Amino acid sequence: MATPRIAAVKGMNDLLPEQAPLWQKLEGTARRIAALYGFEEVRTPLVESTSLFVRGIGGETDVVGKEMYTFDDRGGESLSLRPEGTAGAVRAYVEHSRHAVDPIQKWFYLGPMFRHEAPQKGRYRQFFQFGAELFGVAEPRADVDLIALVVRFVRELGVSGLVLHLSSLGDEESRPAYREALVRHFSPHAARLSETDRRRLEKNPLRLLDSKDETVKALAEGAPSTLDYLSPASRAHFDEVLRGLDALGIDYEVDPKIVRGLDYYTRTTFELVATSGLGAQSTLAGGGRYDRMVEELGGPATPAIGFSMGLERLALLLEASGPALRRGPDLFLGVLGDEPGRTAQRVAERCRDRGCTVELTLKSGGVAKQMKRADRLGARFSAIIGDGERASGRVKLKTLATGEEREIALADLVEVVGAARETDGGQR
RNA sequence: GCGAGCGUAGCUCAAUCGGUUAGAGCGCCGGACUGUGACUCCGGAGGUUGUGGGUUCGAGACCCAUCGCUCGCCCCA
């Protein structure tokens with residue numbers, strides 16, 4: 001009987017070497033695009049005081065109310081694994097008085113988030129997000145710049161079939177009136193609503209617009225739009241965002257029904273939705289303004305806008321369009337014997353000094369076996385070093401792809417392999 | 001939290017109505033080829049059929065429970 005194995009925790013996945021190239025591409029592109037827009041990386045803790053999320057995101061939200069990994073540490077303080085990145089970023093902005101350094105802070109982050117939900121396609125308990133936060137600018141141009149970043153990122157990766165949904169939730173002035181209008185619209189039909197939807201009607205009527213229940217969907221068709229209740233200032237802001245996107249040629253769909261699940265949003269909200277490939281979890285990215293949150297967490301009144309994107313969902317879309325290639329080593333160095341092995345290892349080090357990737361035979365074996373390995377690894381060149389080579393100072397350098405073989409001086413090996421790498425920049 | 005589907009080798013799958021020793025392809029290891037990969041051929045390892053119980057002369061298959069995975073609902077990225 002085999003010893004029982006311990007499996008990974010439900011909803012938390014290993015990323016194995018085969019998947020690494022794809023993730024490196026995702027993260028590398030994210031960093032590069034963020035830099036193009038002047039965003040700098042911030043790394044905040046994975047664990048925060050539970051109260052941060054309760055205050056920042058809203059205790060009534062599903063994310064905080066029932067999906068957080070919460071525990072008491074040894075001192076009795078309630079801590080939680082971060083379910084999203086914005087609250088921690090705002091906390092850091094306030095804690096370090098960044099407004100005093102420069103009120104305009106442009107941050108991006110890349111890292112795991114945790115939510116205790118039933119896993120399904122595109123939804124995991126540990127998932128990676130790429131996100132950005134732009135503090136200190138109320139102007140709609142900031143909204144447009146941030147959305148442009150998101151759009152450029154997915155475009156750069158070659159993901160297609162995405163639609164940008166856009167709306168505005170208004171400000172302190174507009175929201176109460178809109179809320180009331182919604183209650184007026186749905187209340188006469190309360191009897192036909194499910195229990196949860198009736199509770200929503202009381203607590204957060206905005207939620208009803210997002211319902212998938214057919215009855216509610218039908219009712220929502222004729223519901224008043226948040227856009228009709230915007231204050232003049234919010235209206236002007238929203239219109240300017242739309243004009244800015246038009247000017248950049250970014251397509252969007254004004255969709256008053258998008259309601260973000262976190263309480264902190266004001267004014268502009270947006271989602272990037274996949275039209276296929278993600279099943280029920282079609283939202284790839286979400287974001288919006290949170291102009292009141294910095295103040296609510298004890299900082300000076302500071303407007304802000306941000307977004308976050310689920311990288312697993314992005315990976316799912318990218319995997320569908322073909323696997324990322326793993327690049328083999330520039331040189332495979334085979335070894336026959338201990339003494340030649342030491343020579344080969346020295347040569348390998350010199351190649352690596354030169355910036356070439358080298359796979360050296362570590363586990364002794366016959367030539368055929370070593371060549372098989374060279375082939376499987378996808379090496380560009382192979383050479384075997386044995387007593388003969390050591391004595392003569394000459395090696396046979398084989399180009400795996402063509403089978404062509406030529407004899408060169410062992411002393412020239414580094415230069416030949418290095419030059420070949422440089423002619424095509426290591427891209428093969 | 002709720003609902004549904006699925007668990008057979010490392011992977012993808014097969015196994016007649018419940019029938020005797022659970023197979024194949026790919027992959028892996030070895031050999032043909034003791035100093036040259038791919039193609040080919042030969043051989044090998046690898047399974048408590050997720051787990052526990054039940055029905056039966058007999059269970060991979062049927063029943064119950066349990067665990068896991070997947071998908072959907074809710075919600076979200």
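Computed from a prediction, not measured in an experiment: that's the story for all the values here. So that the names make sense, note that chain A is the first sequence line, chain B the second, and so on, each numbered from 1.
Around CD of A:Glu180, the count of heavy atoms belonging to other residues, nucleotides or ligands within 6.0 Å does not exceed 12.
In this structure the side chain of A:Leu400 reaches within 4.5 angstrom of the side chain of A:Met371, judged on heavy atoms. Contact check for A:Glu133 versus A:Tyr109: side-chain heavy atoms found under the 4.5 Å cut-off.
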> Stepwise, does the side chain to side chain contact (heavy atoms under 4.5 Å, CB included) test hold for A:Thr44 with A:Arg82?
Replying inline: CA-CA 10 Å; A:Thr44 64; A:Arg82 63 183 189 187; 3.6 Å; yes

> Does the ring pair (Phe, Tyr, Trp, His ring centres under 6.0 Å) test come out yes or no for A:Tyr229 and A:Tyr178, once each step is laid out?
Replying inline: CA-CA 6 Å; A:Tyr229 287 80; A:Tyr178 178 55; 5.6 Å; yes

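Using C1' as the reference atom, B:C39 and B:A32 are 14 Å apart when rounded to the nearest Å. If you take atom C1' in B:G58 and the same atom in B:U20, they sit 9 Å apart, rounded to whole Å. Atom C1' of B:U48 sits at a distance of 14 Å from the matching atom of B:A9, rounded to the whole Å. Rounded to whole Å, the C1' atom of B:U16 lies 15 Å from the corresponding atom of B:A22. Taking atom C1' on both nucleotides, B:C2 is separated from B:U21 by 45 Å, rounded to a whole Å. A gap of 39 Å separates the C1' atoms of B:A45 and B:A4, to the nearest Å. For B:G52 and B:G35, the P atoms lie 50 Å apart once the distance is rounded to whole Å. Atom name C1', nucleotides B:G44 and B:G27: the rounded distance is 14 Å, in whole Å.
Residues passing the side-chain hydrogen bond (donor to acceptor under 3.5 Å, both in side chains) test with A:Ser382: none are found, sequence neighbours excluded.
Contact detail for A:Met68 and A:Pro83: the closest heavy-atom pair is SD-CG, 3.8 Å. Between A:Cys356 and A:Asp330, the closest heavy-atom pair is CA-OD2, 3.3 Å.
Here the P atom of nucleotide B:A77 and the CG atom of A:Leu26 are 18 Å apart, to the nearest Å. When the C1' atom of B:C69 is taken as reference, atom OH of A:Tyr124 falls 12 Å away, rounded to whole Å. The CZ atom of A:Phe307 sits 12 Å away from the P atom of B:A77 (whole-angstrom rounding). Taking atom NZ of A:Lys10 as the reference point, atom C1' of B:G68 lies 7 Å away to the nearest angstrom. The OH-C1' distance, from A:Tyr264 to B:C76, rounds to 12 Å in whole Å.
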> Just by protein heavy atoms under 4.0 Å, how would nucleotides 27-38 of chain B read 5' to 3' in B, S and -?
Replying inline: -SSS----BBBB

>> For nucleotides 1-11 of chain B, give me one character per nucleotide, 5' to 3': B if any protein heavy atom sits under 4.0 Å from the base, S if the only such contacts are to the sugar-phosphate, - if neither.
In response: B----------

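Considering A:Lys398, A:Lys396, A:Arg394 in turn, A:Arg394 is the only one that fulfils the salt bridge (Lys or Arg N to Asp or Glu O under 4.0 Å) rule with A:Glu407.
Looking at A:Arg32 and A:Glu156, a side-chain N of the basic residue comes within less than 4.0 Å of a carboxylate O on the acidic one, giving a salt bridge. Taking a cutoff of 4.0 Å between a charged side-chain nitrogen and a carboxylate oxygen, A:Arg125 and A:Glu117 do not qualify as a salt bridge. A salt bridge between A:Glu415 and A:Arg354 is present, with a side-chain N of the basic residue lying under 4.0 Å from a carboxylate O of the acidic one. Salt bridge A:Arg31/A:Glu40: absent, no basic N to carboxylate O contact under 4.0 Å. The existence of a salt bridge linking A:Glu172 and A:Arg292 is confirmed by a sub-4.0 Å separation between a basic side-chain nitrogen and an acidic carboxylate oxygen.
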Which atom pairs, one a donor and one an acceptor, fall under 3.5 Å between side chains of residues 49-57 of chain A and the rest of the protein, sequence neighbours left out?
unit_1, atom_1, unit_2, atom_2, d
A:Ser49, OG, A:Glu77, OE2, 2.8
A:Thr50, OG1, A:Ser78, O, 3.1
A:Thr50, OG1, A:Ser78, OG, 2.7
A:Thr50, OG1, A:Leu79, N, 3.3
A:Thr50, OG1, A:Leu79, O, 3.3
A:Thr50, OG1, A:Ser80, OG, 2.8
A:Arg55, NH1, A:Glu296, O, 3.2

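Nucleic acid contact for A:Gly334: none, since no nucleic acid atom lies under 4.0 Å from a heavy atom of the residue. At a threshold of 4.0 angstrom between heavy atoms, the contacts of A:Phe128 with the nucleic acid are absent.
Residues A:Pro119 and A:Arg313 both approach RNA chain B. Their nearest nucleotides, taken by heavy-atom distance, put A:Pro119 toward the 5′ side.
Residue A:Gln120 places at least one side-chain N or O closer than 4.0 Å to OP1 or OP2 of B:G72.
In RNA chain B, the stems built from three or more successive Watson-Crick or G-U pairs (distances below 3.5 Å) are B:1-7 with B:67-73, B:10-13 with B:23-26, B:28-32 with B:40-44, B:50-54 with B:62-66.
Using a 4.0 Å cut-off on heavy atoms, none of the residues of residues 36-53 of chain A approach RNA chain B.
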